[in-house]
Number of protein chains: 2
Amino acid sequence: MAGQEKRPIVTVDTVLFTLRDGRLATLLQRRDKPPHAGSLALVGGYVRPEEDASTTDAAARILAQKAGLAGLFLEQLATFSGPVRDPRGWSLSVAHYALVPEAALAAAHDLDAFPVDDPPPLPFDHGAILAAALARIRNKGAWSSLPALLLPETFTLPDLKAVYEAVMDERLNDSAFRRKITELRLIEEVPDARSPATAERRRPAQLYRLARRALVAFDRVI
Amino acid sequence: MAGQEKRPIVTVDTVLFTLRDGRLATLLQRRDKPPHAGSLALVGGYVRPEEDASTTDAAARILAQKAGLAGLFLEQLATFSGPVRDPRGWSLSVAHYALVPEAALAAAHDLDAFPVDDPPPLPFDHGAILAAALARIRNKGAWSSLPALLLPETFTLPDLKAVYEAVMDERLNDSAFRRKITELRLIEEVPDARSPATAERRRPAQLYRLARRALVAFDRVI
DNA sequence: TTAATAGTGTCTATTAGACAGTATGGC
DNA sequence: GCCATACTGTCTAATAGACACTATTAA
């Protein structure tokens, strides 16, 4: 019977998305072990059959252990595999992506934010994984409440429009956006709550919250 | 150092879609080895790092070896994993789906067709994989030329409409369908070619072919 | 009062669906 | 000629985008 090398190396990697100065950003971590020690890379690690109930479970465990992140929206993206993507040998990585609202970042550690459209050079095939995750979030943004999961519990309509614009990387029509969001019953008013005015906000706005906490898919584009 | 059991078992499985009597069907194969020997199941097998360049490459190899299928549209679906899905231990299967036009079936062997919405009981988590593949093809059908890949090289507009209806499991408006298909420039006429009349076809129709052989994504729904 | 952002109303262009109606070929 | 199916034209309803307009609040 042949040894371990008959089975691929199995890892998971997660693309972390967050907002930075109103722009979509990705969070990277400096690797402390070879291969590619010292490089900025996606947060990833080995799947441990003895503790993980699934690869998504493994991704969640690794996010908690290596970056202090928990409770995120986390979803499988795709699986990347081949003989050359990792110098340790034929490897397979189940890529995931996760959305990190500001509140989750407070407890996090060892992460650096970079604009999604101008990341540093990445080791392995992490550049391709990031590109695939970006394509997924942009497409899903048009069709679901996904971008709203980057916001805090309560938010204003201008906030919500801005995060859809940041995710999808295009300008939206204001009145059409309000019309669609309200018709879809995606959000509900927080009674008697208005946002404070800030440097960018000359005038308070009505606060809303998601009508459902989970990801909701729409039957038409936002 | 621990042995092989520290790495998951890595397999691929492919959901095969085809047309049967104008309805969307899936092709299953009787397993000749344990576990679940004798059961009808998806076509699948081990990834072989020494010969496969990727998991999709492994899926193509296994389709050729076990079913005589080659040259199909074959795409990764998602990865299914966990400790209990396979009695051999913690396992991971990269699920794919493929489209089998009638011509490819001619050379195929050891496959049985079943209606997609009424398959036999399936072993492992193959039922869940089939359901996920069906959801994917239905969704993608509305947004791309994917259903056309189930047809022969040339086909009529009524044929094309029927395959979209079979894939998406809904009736389409005839004139709207023709309008969209032609505006999208998905297809081109085959000059001076008309389909023969058949039992179901009282009147010959113009033959078309795909303007591009590959999968084309549209920016709006069919 | 002013400036800037929040929010509303309405017009128009686009497009999907319904469906009537014409064309064509086998019998 | 009859009938079924292929194909076309047109009306209408739904909806997205443009954009003018009003409302509100901090300074």
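The structure presented is a predicted model; accordingly, all values stated were derived computationally and were not measured. Order of the sequence lines fixes the chain letters, A, B, ..., with proteins taken first and strands second; residue numbering starts at 1 for each chain.
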Separation of D/dT5 C1' from B/K161 NZ (nearest whole Å): 11 Å
Under 4.0 Å protein heavy-atom contacts per nucleotide of nucleotides 18-24 of chain D, with B for base, S for backbone only and - for none: BB---BB
Along DNA chain D (nearest heavy atom to each residue), the more 5'-positioned of A/I222 and B/L157: B/L157
Ionic contact status for B/D174 with B/R178, cut-off 4.0 Å: yes
Whole-Å distance separating the OH atom of B/Y164 from the P atom of C/dG17: 15 Å
Side-chain donor-acceptor pair present, B/T156, B/D159, cut-off under 3.5 Å: yes
Spacing between A/L172 atom CG and D/dT15 atom P, to the nearest angstrom: 18 Å
Side-chain N,O (B/R171) to OP1/OP2 (C/dG17) below 4.0 Å: no
Rounded (10°) bend between the five-pair end axes of the helix from C/dT1-D/dA27 to C/dC27-D/dG1: 0°
A/R220 CZ to D/dA13 C1', straight-line distance once rounded to whole Å: 14 Å
Atom pair distance, as rounded to whole Å: CE in B/M168 and C1' in C/dA16: 13 Å
Short N-O contact, A/R23 and A/D117, less than 4.0 angstrom: yes
Euclidean distance, A/F80 CZ relative to A/R85 CZ, rounded to 0.5 Å: 8.5 Å
Nucleotide C/dA6, atom P - distance to CD1 of A/I181 in whole Å: 16 Å
Residues that B/S93 engages under side chain to side chain donor-acceptor pair (under 3.5 Å), provided they are two or more places apart: B/D13
A/R20 atom CZ, neighbour heavy-atom count above 12 within 6.0 Å: no
Nearest-angstrom distance from the residue atom CZ of A/F218 to C1' of D/dA16: 16 Å
Short side-chain N/O contact to C/dA6 OP1/OP2 from A/R178, under 4.0 Å: no
Integer-rounded Å distance: D/dC7 C1' and B/Y208 OH: 9 Å
Smallest separation among heavy atoms of B/Y164 and B/S144, with atom names: OH-O, 2.9 Å
For the student: nearest non-hydrogen atoms of B/A104 and B/L72, plus distance: CB-CD2, 3.8 Å
Residue A/E188 excluded, over 12 heavy atoms near CD under 6.0 Å: yes
